[in-house]
Amino acid sequence: MAKAEKNELMEKLFSLCKRRGFIFQSSEIYGGITSCWDYGPLGVELKRHVKDLWWQENITGREDVVGMDASILMHPKVWEASGHVENFHDPLIDCKKCRARFREDKALHYFKCEKCDFHFRVNGGLIEVKDEFRTFFKDDLYANEPESYKKSDCPKCGTAGSIFLEKIACPTCGAAELSPARQFNLMFKTHFGPSEDTASEVYLRPETAQGIFVNFDNVVNTTRLKLPFGIGQIGKAFRNEITTGNFIFRSREFEQMELEYFVKPDESQKWHEYWVEQRFQWYQKLGVKRENLRLRAHAKEELAHYARACTDVEYKFPFGWSELEGIADRQTFDLDSHIKASGKKMSYFETETNTHIVPAVVESSAGVDRSILTVLSDAYWEDTEHDRIVLKLDPKLAPIKVAILPLVNKDGMPEIAMAIFSDVKKQMAAFYDQTGSIGRRYRRQDEAGTPFGVTVDSQTLEDGTVTLRDRDSLEQIRIPKDNVANILREKLHE
RNA sequence: GCGGGUGUAGUUCAAUGGCAGAACACCAGCUUCCCAAGCUGGUCACGGGAGUUCGAUUCUCCUCACCCGCUCCA
């Protein structure tokens, strides 16, 4: 697909979302605010269904997982222990020559020994040495940070602490004319209580996961869960991203669905594979087409230092393949950090061996808003044969399940349709519409993703049946008007 | 945050230094027996703020938002 077409599809989705009341820009009457979005009447229903399906699949539908709902504001020490205060920022550098902007550790770092002729370059974590020095670096071609080479011992002449950073240069144009690195902490700060001094600073959580880790002991002590077990949570998180965009794909306020699954440390790899598969299947249960989904395992140098493995679920968005969810084997890093920082035990007592162990954790971290964008993109269909736009949402996700329509506005049809509507709406989201021609009303519902239409016509007056229209196939069948709710309920559970 | 682009009705687009138009959508009525039909009537817009000017939607500046790229991630 050409780039212009991709952009066009995003624009069409954006327009449809606004036109039909799925998603609006936040604070629109004041000119809007960057990357904040409001879910309208149809959008909030869609979002609720996505979250409910996640909760059902991962919490209530399982014996080994419980849910919780932690507060957004937490003790500042949580974020010190988790590493977010120290690490959750991007030092960025601008190239004065070619105007490229990049992360400090992506710059070309030139190192040199101050005693001998040994020198090398670090390029994006990869050490590049001249052939004559190749022998001095054998298995160590990947490094964590260029910083780690400073003041290290020279591998050639052996002088202690003789390696120094000669210069850093732009990875794009190679020029060494760079601006100083600037720090951007990605956590939102606010003040706890009325006084705005430094002591009262707290953060809005940048992820929901920490609310689970700090409650590990509370949950273990109150639920009698046995390893392996999980704790899940859905909630808002906030990140002061440098760059936002692609509609609701990346915003500064967003909602996460996170599951922390605690396992015996030597079993984490097995459970990581298990959850990757589970989560990959889940998106397909939302009706997302298999060919638009893929898994991507992180390469070794991409991994955070504490993670043993991480696999992303990616979706083929109109703007390209992008991450929907990450499933990571975080080992015991999170619990260890909080045990160390808080001085509390937070272990699990294994009765078989009579020992306390700190479990490893496999984390599934999914974005609610990204899931919404995924199901909307995936469902968007221009039916050129019938000249209509259809959201082919899975009926489970559809904001409105059925539209109840009198074929024409006379002969008592509106009254019969209204009576059916009154009955059906007690059991599912239904919509009554008697305005305009029947075709126009069907098309309105097609754009809203409503899977079924029930129409009262003259035959209804004779034999008490109504037509049931299928959104995708346009097929119509006749069903008894007094049994509409039951038949629809069966169809929705198919 | 930096560079580029775009802002006119609910949507998609016109025009204009001097009363801002269309199509579709929406609302009311008529009509209509199955897929955006027709007729009549109606509601609704120059992103915001300064400046130039007798007069600015139009020109200038600032600002805000969206899109693309850098970057990052749920």
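Just so it is clear: chains get the letters A, B, ... in the order the sequence lines come, proteins before strands, and each one is counted from 1. Values below: every heavy atom of this structure, side chains too, minus hydrogens, waters and symmetry copies.
Rounded to a whole Å, the CZ atom of A:F14 is 7 Å from the P atom of B:C67. Following rounding to the nearest Å, A:D433 (CG) and B:U32 (C1') show an atom-to-atom distance of 15 Å. Atoms CD1 (A:I33) and C1' (B:A65) sit 11 Å apart, rounded to a whole Å. Taking atom CG of residue A:L407 and atom P of nucleotide B:C33, one finds them 8 Å apart after rounding to whole Å. For the pair A:N409 CG and B:C30 P, the computed distance is 8 Å after rounding to whole Å. Atom P of nucleotide B:G10 and atom CZ of A:R444 are separated by 18 Å, given to the nearest angstrom. For the pair A:R279 CZ and B:A74 C1', the computed distance is 12 Å after rounding to whole Å.
Across all strands shown, A:T34 has heavy atoms under 4.0 Å from sugar-phosphate atoms exclusively, and none from any base. Looking at heavy-atom distances under 4.0 Å, A:T467 makes contact with a base.
On the C1' atoms, B:A37 is 44 Å away from B:A56, given to the nearest whole Å.
Below the 3.5 angstrom threshold, one finds a donor paired with an acceptor across the side chain of A:R250 and the base of B:C72. At a cut-off of 3.5 angstrom, the base of B:C73 holds at least one donor-acceptor pair with the side chain of A:R370. Counting distance only, with no hydrogens placed and no angle test, the side-chain atoms of A:Y30 and the base atoms of B:C64 include no donor-acceptor pair under 3.5 Å. In terms of polar N and O atoms assigned as donor or acceptor, the side chain of A:R239 never comes within less than 3.5 Å of the base of B:C73 in a complementary pairing.
For B:U11, the paired nucleotide is B:A23, the pair qualifying as Watson-Crick or G-U wobble because both relevant distances are below 3.5 Å. Nucleotide B:G3 has B:C68 as its partner under the Watson-Crick or G-U criteria, with both atom distances under 3.5 Å. B:C30: Watson-Crick or G-U partner is B:G38, with both key distances under 3.5 Å. Base-pair partner of B:C44: not found among the strands shown (Watson-Crick or G-U wobble, both distances under 3.5 Å). With a cut-off of 3.5 Å on both pairing distances, B:G17 has no Watson-Crick or G-U wobble partner at all.
The side chain of A:Q25 lies closest to B:C66 when the candidates are B:C35, B:A74, B:C66.
We find the OG1-CD distance between A:T311 and A:E323 to be 10.5 Å, quoted to the nearest 0.5 Å.
Counting only heavy atoms from C-beta outward, the side chains of A:V424 and A:M428 approach each other to under 4.5 Å.
Between A:Y39 and A:F24, the distance from one ring center to the other does not fall under 6.0 angstrom. A distance of 6.0 Å or more separates the ring centres of A:F238 and A:Y203.
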Verdict with supporting geometry, A:L16 and A:L391, side chain to side chain contact (heavy atoms under 4.5 Å, CB included): CA-CA 10 Å; A:L16 174 67; A:L391 277 188; 3.8 Å; yes
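The phosphate of B:C68 (OP1 or OP2) has a side-chain N or O of A:N246 nearer than 4.0 angstrom.
Sequence order on RNA chain B of the closest nucleotides to A:F249 and A:R19 puts A:R19 first from the 5' end.
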